[in-house]
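Computed from a predicted structure; not experimentally measured. FYI, side chains are in, hydrogens and waters are out, and symmetry mates aren't considered; it's all heavy atoms of this structure. Indexing begins at 1, ligand by ligand and atom by atom, following the structure's order.
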Amino acid sequence: MKKVYLETYGCQMNVSDSERVATALGRDGFEITNDAENADVVLINTCSVREKAEQKLYTQVGRIRHSDGPKPVVGVLGCVAQLEGETLLKKIPGVDFVVGTRAVGRVGDILTRTIDGESGLVDLGEREDDYDWTVADTHRHSPYVAFLPIIEGCNKFCTYCIVPFSRGRERSFSAAEIVRQTLELKRRGVKEIHLIGQNVNSYKPDTEAGLEGFAGKSAFSRLLRAVAATGIERIKFTTSFPRDFHEDIVEAIETHQNLCNWVHLPVQSGSNRVLKLMKRGHTIDRYLKQIDRIRGSVRDIAITTDIIVGFPGETEADFKDTVELVKYCGFDSAYIFKYSPRPGTPAHELDDNVSPAEKTLRFLELENVQKACQNKRLERYHQASLEVLAEGTSARTENGITGHSTCHKVVNFVGDRSLLGSIVNVKVTQVKANSMFGEVV
Ligand code: SAH
Ligand code: SF4
Ligand code: F3S
């Protein structure tokens, strides 16, 4: 039995693709291993969103090439594979085959042919059918939490972003199929599903099947209600695109308790001028109205975001606008990134004129402001009782259990292993920057 080690970088879409690859390879008679050193095959599912992410591929292949012992077969999957295609074979000695983002359903076939002696196979083709999207039965990142893709690709072409090039055009999965899979996951004991996509609220299926009778202006809010009606315990969704974010999404959350109280709504910048240069298609004014609506909800909905600092032409004044926005919004958490020019994107043609030192300064300043706001916001959880899905044991404390709240915060507590997979009421006794600690009520 050949042993396959699968390394995954990037977003949930990549994690989800890797889960399907691992499951399919398991079915084809390969053994999935956590031991990279002794693997016969190493598959690297790559990310290209920033230069640092892309660099991981080169580091990893370099490590394999320079290690002693027999050399494994190396396959590159994912976004870098899609973007670079055949050139990867020449650029990185030691790479045996390349499989793009929508061809992952054929990895098993390509791997078998490679083992049988074919070399330099490259597949950048489309998915064969919707079957390629079904949630893996085995080899998922958690027995209790499942990632369920509802839309893939991106049509937005934000000027800094490589994703529309690496993931292709938007394509939505039928609601009937999403509901069917949710019911199947529920039957198998999954407690929480994450509806995933580059922009989930741009969801636009070819067919109404599965959405009939559900209220809401957008197809996405109707899908939320349809999935909520399955009765699965918890539903989260990410990422939401501000331009397509409407009140009907908040209304759905207000109606269905199993739609979790968390929205990830990346703003990217607090300056209208920069947003325009980024071609985000939304203004600060509109964004703040959305934040106000979410904050004004009868449910306490956590809001998280992504922000880029140092976009070409971002002035000190633009940056200050971002700082002000962060202070106003009081995000429950924010991912802050330094702008990284990506070859092939429109912004790559602009002068990357914020110096690395300045980017670092802005990054650190914004991080500090966010931390302070976050700490203040998180105080509301102190002594509060949260519903936590017990997902795993934590190595650090004896009888430590770790999981997520409905608002998607990490919560650690002491409890018996038998609690794993159940939803536990936990009273929060300690709030830290990125996690909380509590006691079972
Ligand atoms: N579709 C999602 C984000 C996908 S990429 C959205 O529109 O919000 C995840 C995050 O990476 C983005 O939100 C952005 O903040 C960051 N990102 C994307 N391209 C980047 C680049 N070239 N440099 C730095 N950060 C980038
Ligand atoms: Fe990238 Fe913009 Fe698409 Fe998000 S919406 S994936 S940032 S192009
Ligand atoms: Fe990275 Fe591709 Fe996801 S570039 S963030 S793995 S869509």
Counting each atom of ligand 1 from 1 as listed, which ones have a heavy atom of Q198 under 4.0 Å away?
-> 1 (N), 2 (C)

To the nearest 0.1 Å, how far is atom 1 (Fe) of ligand 2 from its closest protein heavy atom, and which atom is that?
-> C161 SG, 2.3 Å

Atoms in ligand 3 flagged as close to C79, the criterion being non-hydrogen separation under 4.0 Å = 2 (Fe), 4 (S), 6 (S), 7 (S)

Protein heavy atom at shortest distance from atom 3 (Fe) of ligand 2 = C154 SG, 2.2 Å

With atom 4 (Fe) of ligand 2 as the reference point, say which of N155, N199, T159 has the nearest heavy atom.
-> N199

Looking only at heavy atoms, is any part of T345 under 4.0 Å from ligand 1, and if so is it the side chain, the backbone, or both, or is it neither?
-> neither

Ligand 3 atoms in contact with N14 (distance to a heavy atom under 4.0 Å) | 6 (S)

Answer yes or no: is there an ion pair linking D28 with K2, defined by an N-O contact shorter than 4.0 Å?
-> no

Enumerate the atoms of ligand 3 whose separation from the nearest heavy atom of C11 is less than 4.0 angstrom.
-> 3 (Fe), 5 (S), 6 (S), 7 (S)

Close approach of V163 to ligand 1, heavy atoms, under 4.0 angstrom | no

Looking at atom 1 (Fe) of ligand 3, what's its closest protein heavy atom, distance included?
-> C47 SG, 2.3 Å

Quick one: which ligand 1 atoms are inside 4.0 Å of a heavy atom on R50?
-> 11 (O), 16 (C), 17 (N), 23 (N), 24 (C), 25 (N), 26 (C)

For R188 and E184, run salt bridge (charged side-chain N to carboxylate O under 4.0 Å, His left out): C-alpha distance rounded to whole Å, both residues' side-chain angles, the deciding distance at 0.1 Å, then the answer.
-> CA-CA 6 Å; R188 279 194 259 141; E184 175 61 22; 3.2 Å; yes

Does the ring centre of F165 sit less than 6.0 Å away from the ring centre of F157?
-> yes

Closest to atom 3 (C) of ligand 1 by heavy-atom distance, out of D306, I336, V309, I162, is D306

When you check the gap from the basic side-chain N to the acidic O, do R362 and D318 get nearer than 4.0 Å?
-> no

For the pair E379 and K376, find out whether any cationic side-chain nitrogen is under 4.0 Å from an anionic carboxylate oxygen.
-> no

May I ask whether R167 has any heavy atom positioned less than 4.0 angstrom from an atom of ligand 2?
-> no

For ligand 1, the portion of I308 having any non-hydrogen atom under 4.0 Å away = side chain

Report the part of P164 (side chain from C-beta onward, or backbone N, CA, C, O) that has a heavy atom under 4.0 Å from ligand 2; answer both or neither where that applies.
-> side chain

For the pair E208 and R222, find out whether any cationic side-chain nitrogen is under 4.0 Å from an anionic carboxylate oxygen.
-> yes

Centres of the H141 and F147 rings: under 6.0 Å?
-> yes

Residue E358 excluded, over 12 heavy atoms near CD under 6.0 Å | yes

Quick one: which ligand 2 atoms are inside 4.0 Å of a heavy atom on V163?
-> 6 (S)

Less than 4.0 Å between a side-chain N and a carboxylate O, is that true for E247 and K217?
-> no

Any N, O or S atom of C158 closer than 2.8 Å to atom 3 (Fe) of ligand 2 | no

To atom 7 (S) of ligand 3, the nearest of M13, Q82, R342, Q198 on a heavy-atom basis is Q198

Short N or O distance, R280 and ligand 1, threshold 3.5 Å exclusive = yes

Identity and distance of the protein heavy atom lying nearest atom 7 (S) of ligand 2 | Y160 OH, 3.2 Å

Heavy-atom contacts with Q268 under 4.0 Å: which atoms of ligand 1 show up? List them by number with element.
-> 8 (O), 12 (C), 13 (O), 14 (C), 15 (O)

So, does Y9 use its side chain to make a donor-acceptor pair with the main chain of L57 at under 3.5 Å?
-> no

Any idea which protein heavy atom is nearest atom 22 (N) of ligand 1, and the distance to it?
-> S340 O, 2.8 Å

Could K409 and Y381 be counted as a cation-pi pair, given that NZ or CZ must be under 6.0 Å from the ring centre and within 45° of the axis?
-> no

Enclosure of K3 NZ (heavy-atom neighbours >12, cutoff 6.0 Å) = no

Minimum-distance protein heavy atom relative to atom 5 (S) of ligand 1 = V49 CG2, 3.9 Å

Should you measure from each heavy atom of F241, which atoms of ligand 2 turn up under 4.0 Å away?
-> 5 (S)

Side chain, backbone, both or neither: Y160 near ligand 1, heavy atoms under 4.0 Å | both

Given H408 and H194, is the ring-ring contact (aromatic ring centres under 6.0 Å, His included) satisfied, shown in steps?
-> CA-CA 11 Å; H408 208 57; H194 289 219; 5.5 Å; yes

Which of the numbered atoms in ligand 1 are below 4.0 angstrom from a heavy atom of P266?
-> 8 (O)

Does atom 24 (C) of ligand 1 have a protein heavy-atom neighbour under 4.0 Å away?
-> yes

In plain terms, say whether R140 and E391 are close enough for a salt bridge, that is, a side-chain N and a carboxylate O under 4.0 Å apart.
-> no

Salt bridge present between D306 and R50 (N-O < 4.0 angstrom) = no

Sidechain N-carboxylate O distance under 4.0 Å for K90, E84 | no

Thinking salt bridges, do E126 and R102 make one under a 4.0 Å N-O criterion?
-> yes

Would you check whether S48 reaches within less than 4.0 Å of ligand 3, judged by its heavy atoms?
-> yes

Give the atoms of ligand 2, by number and element, whose distance to some non-hydrogen atom of K156 is under 4.0 Å.
-> 3 (Fe), 5 (S)

Using a strict cut-off of 4.0 Å, indicate which atoms of ligand 2 neighbour a heavy atom of F157.
-> 8 (S)

With a 4.5 Å heavy-atom cut-off, do L389 and H404 have their side chains touching?
-> no

Atom indices of ligand 1, in the order listed, that fall short of 4.0 Å to a heavy atom of Y339 | 23 (N), 24 (C)

Close approach, K338 and ligand 1, non-hydrogen under 4.0 angstrom | yes

